Protein chains: 2
Amino acid sequence: MVKSKAPTSQDVARLAGVSQSTVSYALTGARPISEETRRRIEAAIQELGYHPNSGARTLRSRRSGVIGLMVPTPRPLSSGPMPFVVAISQEARRFDLDVLVVTADEGAAGVRRVVGTGLCDALILMEIDRDDERLAAVAEAGLPCVSLGKPDAVPGASVVDLDFELLGRLVVERAFAEGCSRLLLFGRLEEKSRRNDSSRFLRGVHEAAPAGLEVVLAPGDPAQVAAFEDDLSPTSGRTALFGLSQELEMLFALAMTDRLTDPGHLFIGWSDVDLAALGTALAAIPRLTPRQADVSVLAVRELVRLLREPDAESRTTLLPPQWAEADGEG
Amino acid sequence: MVKSKAPTSQDVARLAGVSQSTVSYALTGARPISEETRRRIEAAIQELGYHPNSGARTLRSRRSGVIGLMVPTPRPLSSGPMPFVVAISQEARRFDLDVLVVTADEGAAGVRRVVGTGLCDALILMEIDRDDERLAAVAEAGLPCVSLGKPDAVPGASVVDLDFELLGRLVVERAFAEGCSRLLLFGRLEEKSRRNDSSRFLRGVHEAAPAGLEVVLAPGDPAQVAAFEDDLSPTSGRTALFGLSQELEMLFALAMTDRLTDPGHLFIGWSDVDLAALGTALAAIPRLTPRQADVSVLAVRELVRLLREPDAESRTTLLPPQWAEADGEG
DNA sequence: TTGTAGGCGTTATCAG
DNA sequence: CTGATAACGCCTACAA
């Protein structure tokens with residue numbers, strides 16, 4: 001089979017018996033076209049299998065219709081990013097945008113590259129650090145940008161992130177309501193992390209914690225958590241368990257498998273996926289959802305707003321985590 | 001701060017005191033440039049912060065320098081794709097290529113879209129089905145393409161995939177060598193799946209299985225596997241356990257946590273990540289690696305080969321799984 | 001409601 | 001070794 005050249009709007013115009021510009025106007029909708037003409041054009045497009053050339057369109061209009069997505073270079077076991085990538089990509093398509101992946105290790109230079117070459121009209125930055133060099137590059141370029149994750153300083157970019165303080169409050173309230181006298185937190189909870197998720201979470205926890213609830217932070221290693229709890233002084237009520245780490249949640253569960261069903265414990269899940277539906281000992285535990293798909297959708301919508309309104313103010317949107325419903329999203 | 005227009009090669013030329021075409025030649029290396037001129041051009045580029053305009057370049061050269069990556073729309077818990085996305089992206093950059101994400105739900109129409117618009121020069125298809133409509137679209141377009149996963153029929157596209165038959169053989173050999181008289185397989189092992197990974201794996205298993213090794217397939221649900229084993233007739237030797245499902249491996253482990261340390265069992269891991277390094281009951285079990293990063297790198301290299309050599313033959317590369325070393329890649 | 005024409009920033013073919 | 005110049009395919013004033 002011969003690889004024939006792709007048809008151009010010129011070809012479409014010829015076949016439809018109109019001028020090339022009319023084809024262009026029909027496609028962009030930048031001016032009214034008579035019903036009859038439009039039909040002939042559509043027909044010609046179908047017949048030729050015409051697709052507007054993206055390079056030419058980008059060159060002329062100075063908009064590529066592509067948004068860059070800077071993904072974290074993964075740590076072991078980080079399943080985290082993929083749901084974002086897919087949801088962002090799908091939502092972007094609804095606005096006729098495509099998504100180009102750039103890895104975080106390209107850093108600020110990567111930002112300058114994709115904006116400098118005109119490859120991308122806008123950027124979504126994932127897993128932003130407290131003080132992220134990429135934000136400076138974005139601001140300098142005046143590029144529409146949404147960051148997933150909240151930097152410490154007020155950024156030039158819009159922010160879409162989970163409300164981690166609220167997450168802390170929700171965990172505390174549930175634990176207390178279920179008669180727990182101790183809340184054992186595990187997972188990556190270093191205050192001095194490059195990101196501020198955990199410190200925001202812990203702030204929420206401590207602000208909401210009533211006098212009757214003792215809050216304890218376990219050391220990070222899954223293998224050690226169970227032993228750590230056994231060394232604690234005995235408590236009168238139940239113990240609630242929560243871990244701020246989706247990637248490792250199952251490992252922790254694995255390390256504490258006997259505690260999952262012990263009535264003296266309240267295990268609170270942290271995942272968008274209902275592990276119970278997959279059949280495990282984790283069945284029927286209460287679960288808070290990080291709403292990765294919702295965050296993704298909001299991020300794209302915010303980016304579209306920034307793209308459409310020339311000088312829109314940047315915004316910060318903190319999404320509340322939700323308790324999983326019985327008919328959860330699975 | 002004013003958002004000044006991006007500098008063009010014209011600006012660079014002026015500043016360097018050469019013609020615009022010379023700048024282009026210096027950049028593409030399409031013809032020799034004197035050392036002196038080249039230096040002045042480089043300097044001008046630095047000073048202006050010049051990046052060649054991607055739209056113009058694509059329009060003129062008919063090559064976008066972008067490869068499309070069609071990612072699976074995820075099932076619950078599928079952490080699988082992300083390591084591929086990152087590794088492919090990183091390897092692509094080494095060849096000055098960028099990666100555009102397209103979701104599998106766009107199907108063959110998505111293929112036609114990205115190739116028709118000239119957005120992508122080539123494609124990598126992930127999780128290809130036994131008989132995948134996207135391959136027809138690719139063949140029709142004569143597009144350089146690598147599929148991760150092996151279709152049943154001989155494809156037009158190159159194939160890079162794991163050698164699942166060999167995987168089956170390796171599991172069997174290890175089980176037998178360690179004195180097992182039974183091999184219990186679990187995870188998604190439906191013969192009639194849309195993909196053929198499991199049937200290739202099972203073929204390898206059955207071809208290699210010696211008379212002294214009984215092969216048993218457990219039903220899919222993690223919660224049921226342990227109970228299933230207990231219902232089996234007792235066996236004289238040890239039982240080897242292997243599950244062809246990275247996403248669910250930990251769930252199965254969770255469901256069979258007591259068997260992990262039982263000397264009557266040989267649990268064989270299936271993951272690129274050393275769970276032992278994270279501190280769990282899974283410590284110190286033998287482990288086979290799906291080599292996601294290696295597969296990704298090979299896929300990109302093969303695509304580059306197809307892009308460089310005008311009419312290169314497509315190839316099939318089946319990568320052998322490997323036993324994790326003590327100093328594993330983690 | 002439609003047509004004409006100029007130019008977006010490159011690459012690559014001519015000359016020199 | 002280097003300069004001028006003609007496309008590449010589309011968008012969008014300007015004209016009719």
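Keep in mind the model is a prediction, meaning the values are calculated, not measured. Convention: sequence-line order gives letters A, B, ...; per-chain numbering from 1.
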Check this one for me: any side-chain N or O of B/Arg62 less than 4.0 Å away from OP1 or OP2 of D/dG9?
yes
So, does B/Arg60 get its side chain near the phosphate of C/dC8, meaning an N or O under 4.0 Å from OP1 or OP2?
no
Nearest-Å distance, CD1 (A/Ile41) to C1' (C/dT1)?
12 Å
In whole angstrom, give the distance that lies between atom CD of B/Gln10 and atom C1' of D/dT5.
12 Å
Any B/Ser34 side-chain N or O less than 4.0 Å from OP1/OP2 of D/dT2
yes
In whole angstroms, how far is the C1' atom of C/dG9 from the OH atom of B/Tyr50?
7 Å
Phosphate OP1/OP2 of D/dG3 contacted by B/Thr22 side-chain N/O (<4.0 Å)
yes
So, does A/Ser24 get its side chain near the phosphate of D/dC11, meaning an N or O under 4.0 Å from OP1 or OP2?
yes
Is there a donor N/O on one and an acceptor N/O on the other, under 3.5 Å, for the side chain of A/Gln20 and the base of D/dC11?
yes
The answer to which of B/Val18 and A/Arg57 contacts DNA chain D further toward the 5' end, by nearest nucleotide, is B/Val18
Separation of A/Ile33 atom CD1 from D/dC11 atom P, in whole Å?
13 Å
Which part of the nucleic acid does A/Val23 contact within heavy-atom distance under 4.0 Å: base, sugar-phosphate only, or nothing?
nothing
Among B/Thr103, B/Val111, B/Asp105, which residue meets the side chain to side chain contact (heavy atoms under 4.5 Å, CB included) test with B/Met70?
B/Val111
Mind checking whether B/Gln90 and B/Val300 have side chains closer than 4.5 Å, heavy atoms only?
no
Thinking salt bridges, do B/Glu35 and B/Arg38 make one under a 4.0 Å N-O criterion?
no
Whether B/Tyr25 contacts D/dA4 is assessed here as follows: a side-chain N or O lying under 4.0 Å from the phosphate OP1 or OP2. Is that the case?
no
Which part of the nucleic acid, if any, lies within contact of A/Thr37, taking any heavy atom under 4.0 Å across all strands shown: a base, the sugar-phosphate backbone alone, or nothing?
sugar-phosphate
What is the separation between atom NZ on B/Lys5 and atom P on C/dG7, rounded to the nearest whole Å?
13 Å
Out of B/Leu97, B/Leu303, B/Leu148, which residue meets the side chain to side chain contact (heavy atoms under 4.5 Å, CB included) rule with B/Ile88?
B/Leu148
When you compare the side chain of A/Pro320 with that of A/Arg291, does any pair of heavy atoms fall below 4.5 Å?
yes
Checking D/dA15, D/dG9, C/dG9 against the side chain of A/Thr8 (C-beta onward), the nearest is D/dG9
Check: D/dG3 base within 3.5 Å donor-acceptor of B/Arg31 side chain:
yes
How many Å lie between CD1 on B/Ile45 and P on C/dG9, as a whole number?
16 Å
A/Asp152, CG: over 12 other non-hydrogen atoms inside 6.0 angstrom
yes
When you measure from the side-chain N and O atoms of A/Ser61 to the phosphate of D/dC11, is any distance below 4.0 Å, counting only OP1 and OP2?
no
Counting the atoms with a prime plus P, OP1 and OP2 as sugar-phosphate, which does B/Leu27 contact under 4.0 Å by heavy atoms, base, sugar-phosphate, or nothing?
nothing
Among D/dG9, D/dA4, C/dC8, the one nearest any side-chain atom of B/Ser21 is D/dA4
Candidates D/dG9, C/dG3, D/dC1 - which lies nearest the side chain of B/Leu59
D/dG9
For A/Arg40 and C/dT2, give me the distance from atom CZ to atom P, rounded to whole Å.
9 Å
Write down the distance between CZ (A/Arg14) and P (C/dG3), rounded to a whole number of angstrom.
14 Å
